[in-house]
There are 2 protein chains.
Amino acid sequence: MKTVNSDVAYDYIRKRILNGEYPPGHPLMTYELSRAIGVSRTPVRDALRQLESDGLVSIRARLGASVKKMSLKEFREMCGLRFALESYAAYLAAQERTGEDLREMALTLETMRRLSERLIAAKKEDKPTLDQLRVEDVRFHIAIITSAKSELLKQEVLRLHIVNRVVSGPTPGQHNSPEGKAARDARRREVIRSHEKIHEAIARGNPVAAKDAMERHIQDIIDTAIRDMSLAEHQASARPLTEEELSYAT
Amino acid sequence: MKTVNSDVAYDYIRKRILNGEYPPGHPLMTYELSRAIGVSRTPVRDALRQLESDGLVSIRARLGASVKKMSLKEFREMCGLRFALESYAAYLAAQERTGEDLREMALTLETMRRLSERLIAAKKEDKPTLDQLRVEDVRFHIAIITSAKSELLKQEVLRLHIVNRVVSGPTPGQHNSPEGKAARDARRREVIRSHEKIHEAIARGNPVAAKDAMERHIQDIIDTAIRDMSLAEHQASARPLTEEELSYAT
DNA sequence: TGCGGAGAAATTGTATACCTGATGGGGCAT
DNA sequence: ATGCCCCATCAGGTATACAATTTCTCCGCA
């Protein structure tokens, strides 16, 4: 199957959004993008429609497209969906997991333990290790939704993860919660413990326990994320002037 | 906001799919549709992309679009999603419901009781009453997801309901389960009882009870639907010749 | 008679020109 | 000076022409 220009445009724009190169609210104009990508406006429009249904872009008729900006309310709702779907995935995973699935989980768990200990031991948190830790965390969650053996569920949860990453991701200082390193270290140990409990319940083949453990884990993640986000929103309202607004103040 | 042609095309095609006028597997060719709707191919293509992301249409590059045909496996997975999301909705509803929400639920419940009794009393099931009952059933479920006060959740569940309706809906004799009227009457009473339990738990403001009741209800629905569908699939494989195939046999 | 390939037909994907609606700025009236 | 209205500009929506690809068909050949 020959690749088609719509897909090229889709990948191009999606990548920039995930990079943070196009931040939330950034306008996406078809002509400009078509020039940048080297195709015509038609496949760009197709790509934007696709991205809209992924939840990464919002399009208003005749007013153009822009990178999706999420309100705190919408963010909460999205977290709720993750809560419902991922705990269900854990339930299924406890029934459907294969030996291969369990090995993958154990592997990411071990890697996370190692990285976490390294971070806790170090005085300063180096970004590469943090990023690696984040990757392994995602890998663990993916291992679980894969174990659930439901393509639809997997697709849906992955979509939510992606959107989550965009709206809360590119914020500078995302993980610099104000409590200081000790609190973050404690949180890291807690995450590991949660993952261990989930893994153990799935390995035992106990769906209810797996679900409960996942529910607690996600709830914990959500609480932190929402706290961070409402904090960021508060900071934003403390200095509500954007670069553009400032230029009017001269 | 002025309506745009893409939306016209979207509504046109969507309606036909939901009607059953375009059954699963029916090819959707852009030129033909554009002529029928009275617009050009461009907005038709837009509409098809949109419908694809709704899960009603499947598009393969260069091979065209067709009404989504679901395998039994996919159908099971979709039911799983409904299970996870609707029981979560019931949980939220027990926390967030207003007096208005409760009234709406009670209303549909009462109407369903009345319609159900009428059907059970009658010797023959008349289609209009059956349809009304179906509508009220959907209305009850919508009342619950509305009570949950999460737009995203509502949107997602409605989408699943729609897709569900298309893949299992237009089958003629959808509700003519082979057990005869007595069994169907029993099932109807059971559905009412389930709804009553859910409504009561939500009215009491007991999230866990509401969720449990909804889980049982959905599981019941799913079991019946999957039984019916695998039966239909079996029948289909028993006489695999479509009208078109038959025309070759002359 | 069955199979394979070349070419024709059909259909999708892409580019582009044109149309329509939205936005902002300048001029006019108060 | 201020406020309003009109029009110029711009960007998105639509139609259509064209290119690319798949499929169908028909013919020749084994």
Side-chain angles (χ1 to χ4, degrees), chain A residues 1-14 16-17 22 25-54 56-69 242-250, chain B residues 1-14 16-17 22 25-54 56-69 242-250:
Chain A
M1 189 178 79
K2 182 146 192 305
T3 73
V4 87
N5 279 5
S6 308
D7 297 337
V8 175
Y10 177 82
D11 292 339
Y12 179 97
I13 302 169
R14 186 171 189 274
R16 308 285 161 123
I17 293 177
Y22 300 155
H26 183 89
L28 299 165
M29 283 171 301
T30 53
Y31 181 71
E32 188 185 311
L33 286 169
S34 70
R35 287 269 304 250
I37 301 169
V39 299
S40 81
R41 287 174 55 216
T42 311
V44 170
R45 271 174 48 80
D46 279 359
L48 289 175
R49 293 295 275 253
Q50 189 90 21
L51 288 163
E52 186 192 25
S53 72
D54 290 347
L56 290 176
V57 161
S58 78
I59 301 178
R60 285 173 308 165
R62 307 244 171 224
L63 294 178
S66 60
V67 181
K68 177 98 181 184
K69 214 191 283 183
T242 65
E243 198 176 346
E244 193 184 352
E245 285 167 329
L246 277 171
S247 73
Y248 285 111
T250 51
Chain B
M1 188 178 82
K2 179 129 197 316
T3 69
V4 292
N5 283 1
S6 309
D7 298 337
V8 175
Y10 177 83
D11 292 339
Y12 180 96
I13 301 169
R14 186 171 190 273
R16 310 285 162 127
I17 293 177
Y22 299 156
H26 183 90
L28 300 165
M29 283 170 302
T30 53
Y31 181 71
E32 188 185 313
L33 286 169
S34 70
R35 287 272 304 249
I37 300 170
V39 298
S40 80
R41 287 176 54 218
T42 312
V44 171
R45 271 174 50 81
D46 279 0
L48 289 175
R49 296 288 287 240
Q50 189 86 25
L51 287 163
E52 185 192 25
S53 74
D54 289 348
L56 289 177
V57 161
S58 78
I59 301 178
R60 285 172 306 167
R62 307 251 171 218
L63 295 179
S66 59
V67 181
K68 177 100 179 183
K69 212 183 318 195
T242 66
E243 197 176 346
E244 192 185 351
E245 285 168 329
L246 277 171
S247 73
Y248 283 112
T250 51

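Because the structure is a prediction, the values reported are computed rather than measured. Per chain, numbering begins at 1; letters A, B, ... match sequence-line order.
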Minimum-distance nucleotide to Met29(A) side chain [options: dT14(D), dT14(C), dA11(D)]: dA11(D)

Against Tyr10(B), only a single residue in Asp46(B), Asp54(B), Asn5(B) fulfils side-chain hydrogen bond (donor to acceptor under 3.5 Å, both in side chains); can you say which? Asp54(B)

Closest listed nucleotide, where the reference is the side chain of Val39(B) and the choices are dT14(C), dA15(D), dT14(D): dA15(D)

Quick one: is dA15(C) close enough that its OP1 or OP2 comes under 4.0 Å of any side-chain N or O from Ser40(A)? yes

Could you tell me the separation between the CD1 atom of Ile59(A) and the P atom of dA22(C), rounded to a whole number of Å? 17 Å

OG of Ser58(B) to CD of Glu52(B): how many Å apart, nearest 0.5 Å? 7.0 Å

Nearest-Å distance, CG (Leu28(B)) to P (dG13(C))? 13 Å

Glu32(B) has an atom CD; how far is it from atom C1' of dT11(C), in whole Å? 11 Å

The side chain of Leu63(B) lies closest to which of these nucleotides: dT21(D), dT23(D), dT14(D)? dT23(D)

May I ask you to evaluate whether Asn5(B) reaches the phosphate of dA15(D), defined as a side-chain N or O under 4.0 Å from OP1 or OP2? yes

To the nearest Å, give me how far apart OH (Tyr31(B)) and C1' (dT14(C)) are. 18 Å

For the base of dG12(D), is there a side-chain donor-acceptor partner from Arg60(A) under 3.5 Å away? no

Of the candidates dG21(C), dT14(D), dT12(C), the side chain of Arg62(A) sits closest to dG21(C)

Rounded to the nearest 0.5 Å, what separates atom CG in Leu48(A) from atom CD1 in Ile13(A)? 4.5 Å

Between dG13(C) atom C1' and Gln50(A) atom CD, what is the distance in whole Å? 15 Å

Indicate, with a heavy-atom threshold strictly under 4.0 Å, whether Thr42(A) touches base, sugar-phosphate, or nothing. base

Roughly how far apart are Leu28(B) CG and Leu51(B) CG, rounded to 0.5 Å? 8.5 Å

To the nearest angstrom, the CG-C1' distance between Leu33(A) and dG12(D) comes to 13 Å

Spacing of Asp7(B) atom CG relative to dG13(D) atom P, expressed in whole Å: 10 Å

Base, sugar-phosphate, or nothing: which does Ser6(B) touch, judged by heavy atoms less than 4.0 Å apart? sugar-phosphate

Which nucleotide in the set dA15(D), dT14(C), dG13(D) lies at the smallest distance from any side-chain heavy atom of Pro43(A)? dT14(C)

Report the distance from atom CG of Asp46(B) to atom C1' of dG12(D), rounded to the nearest whole Å. 11 Å

Rounded to the nearest 0.5 Å, how far does CZ of Arg45(A) lie from CD1 of Ile59(A)? 8.0 Å

So does Arg41(B) get a side-chain nitrogen or oxygen closer than 4.0 Å to the phosphate oxygens (OP1/OP2) of dA15(D)? no

